[in-house]
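Notes for the one structure printed next.
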Amino acid sequence: MSPPPVPPPEAPTGLTAKPWWPAAQRAFWTLCLLVTAVLLVEIGRHWDWTNAMGALRSLPLTALLAGVVFAVLGHLLYASYDVLGREPDPKVAGAGAAVPSRWVLAVGFVSFAFKLNLGTLLGGVALRYRLYTRLGMTVDEVTRILAASVLTNWLGYAGLAGLLLLWRPPELPPGWALGDVALQVLGVCLLLLAVGYAAACHWAEGHQWRWRRHVVTLPSSRMALAQLGLSVLHWTLTAAVCWALLEQRVDYASVLNALLVSAVAGLITHVPGGLGVLEAIFLALLKDRADQADLLAAMLGYRVIFYLLPLVAATLLFFVIDRHRVTPTRTATPRPAAKSRRSE
């Protein structure tokens with residue numbers, strides 16, 4: 001007779017998931033989003049939209065073309081993060097290694113355009129998993145690409161923001177309780193974060209950590225420098241779009257400072273596309289350097305060139321990728337040679 005089944009051990013009371021926690025999280029972030037929206041609408045009521053539209057219509061063609069060129073290069077650089085993240089370890093190369101780089105670049109472009117306009121969860125995460133799995137990648141490979149893209153983006157941000165805070169810290173409005181010393185300390189911390197990552201990749205290349213069922217491997221120092229360089233260039237080109245649309249009336253360092261601050265503000269507020277947050281930050285930081293109408297015109301142009309036009313192109317490209325369903329060509333595993341029959 002078999003022994004009676006042993007009941008599974010009960011989970012500790014402190015580690016039991018609360019059934020109401022997901023709903024409470026959704027309610028909290030929804031409330032934050034509504035409060036932010038109300039504040040932005042209230043702030044936007046005092047902006048001179050009529051003169052801003054006039055200033056937008058009077059932008060010269062050369063400024064618009066320069067903005068478009070900078071935007072195209074910035075989007076391509078961001079999409080290349082996925083190509084870097086796709087590079088496999090030769091020992092564990094999977095289906096992702098067989099997907100052509102042009103398709104990886106295309107998915108990176110589509111996900112970035114949707115992420116900018118509709119938020120990280122839909123554009124940066126869900127779209128990547130859908131399209132990459134349609135191309136034949138595994139979930140683990142998509143997770144690796146996603147993690148590498150996020151790391152690359154904020155690694156360059158940390159290095160660039162750290163240098164800028166030490167060299168040209170932004171002139172914050174009087175109500176913002178941060179002095180130059182605090183900004184410089186923050187700059188040192190960000191710079192050490194970026195340099196520390198590159199140093200760790202140099203001295204501990206290939207070191208692995210296990211997190212749940214995922215394995216995190218430190219890349220080579222060459223890969224770390226490529227991540228840092230591409231991301232820094234992406235952020236500088238993104239700021240160059242705004243700088244071109246302002247017709248160089250504002251010095252480039254101030255525009256870059258405003259963009260970096262608005263990126264973090266948009267991340268904190270969870271507003272899709274940073275709608276209204278970007279404009280409020282630029283007006284607060286640059287109001288003494290340009291007219292309000294010119295700043296709003298540049299921001300409207302930036303929205304169209306860097307957000308909306310790429311979204312249109314990405315939507316069309318999404319359907320192309322989704323219907324094409326590229327099947328990666330896997331390397332055939334050589335079969336063992338057949339043994340010759342010998343008479344005994």
Side-chain angles (χ1 to χ4, degrees), residues 29 32 35-36 39-40 43 74 77-78 81 115-116 119-120 124 147-203 218 221 224-243 246 250-271 273-290 295 299 302 306:
W29 289 116
C32 290
V35 170
T36 304
L39 291 175
L40 291 174
I43 293 173
L77 281 171
Y78 192 97
Y81 299 170
K115 168 182 170 289
L116 283 176
T120 300
S149 177
V150 173
L151 175 62
T152 301
N153 185 52
W154 292 108
L155 178 68
Y157 180 97
L160 185 60
L163 284 175
L164 203 58
L165 287 174
L166 291 174
W167 171 53
R168 278 284 301 275
E171 296 181 8
L172 301 178
W176 296 23
L178 277 177
D180 288 343
V181 175
L183 291 176
Q184 289 175 348
V185 170
L186 178 60
V188 170
C189 294
L190 291 173
L191 199 57
L192 287 176
L193 187 65
V195 174
Y197 172 77
C201 292
H202 177 72
W203 295 108
L218 272 181
S221 56
L225 292 176
Q227 289 177 293
L228 187 60
L230 286 176
S231 181
V232 167
L233 194 53
H234 161 74
W235 284 105
T236 54
L237 285 170
T238 303
V241 178
C242 304
W243 181 65
L246 284 168
V250 181
D251 62 285
Y252 177 77
S254 297
V255 175
L256 182 57
N257 266 321
L259 177 74
L260 296 179
V261 173
S262 65
V264 173
L267 184 68
I268 293 173
T269 57
H270 285 262
V271 177
L275 187 62
V277 178
L278 176 74
E279 291 79 3
I281 295 296
F282 265 76
L283 286 175
L285 295 182
L286 304 179
K287 62 182 180 181
D288 295 332
R289 291 177 169 82
L295 289 172
M299 292 300 97
Y302 174 71
F306 202 80

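Just so you know, these numbers come straight off a predicted model, no measurement behind them.
The distance from atom CG of Leu155 to atom CG of Leu228, rounded to the nearest 0.5 Å, is 5.0 Å. Note that OH of Tyr81 is 6.5 Å distant from CG of Leu230, once rounded to the nearest 0.5 Å. Note that the CG atom of Leu77 and the OG1 atom of Thr236 stand 8.0 Å from one another [nearest 0.5 Å]. We find the NE2-CG distance between His202 and Leu225 to be 10.0 Å, quoted to the nearest 0.5 Å.
A donor-acceptor contact shorter than 3.5 Å links the side chain of Asn257 to the backbone of Arg168.
In this structure, the side chains of His234 and Asn153 come closer than 4.5 Å at one or more pairs of heavy atoms. Within the 4.5 Å cutoff, the side chain of Leu160 has heavy atoms near those of the Leu256 side chain.
Between Phe306 and Tyr302, the ring planes are parallel. Angles under 30° get that label, and only those over 60° would be called perpendicular. Between Tyr252 and Trp243, the ring-plane angle classifies as perpendicular under the 30° and 60° cut-offs.
Among all heavy-atom pairs drawn from Leu190 and Ala161, the shortest one is CD1-CB, 3.9 Å. Between Leu259 and Trp235, the shortest heavy-atom contact is CD2-O, 3.8 Å. Closest non-hydrogen pair, Leu278 versus Ser262, comes out as CD1-OG, 3.2 Å. Nearest heavy-atom pair across Leu218 and Ala200 is CD1-O, 3.6 Å. Between Arg289 and Ser254 the shortest heavy-atom distance is NE-OG, 3.3 Å. Across Gln227 and Ala148, no two heavy atoms sit closer than the pair NE2-O, 4.0 Å.
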Checking side-chain contact (heavy atoms from CB on, under 4.5 Å) for the pair Trp154/Leu267: CA distance, chi angles, key distance, verdict?
CA-CA 12 Å; Trp154 292 108; Leu267 184 68; 3.9 Å; yes

In sequence, state the C-alpha distance, the side-chain angles, and the governing distance for Tyr78 and Thr238, and then conclude on side-chain contact (heavy atoms from CB on, under 4.5 Å).
CA-CA 10 Å; Tyr78 192 97; Thr238 303; over 6 Å; no

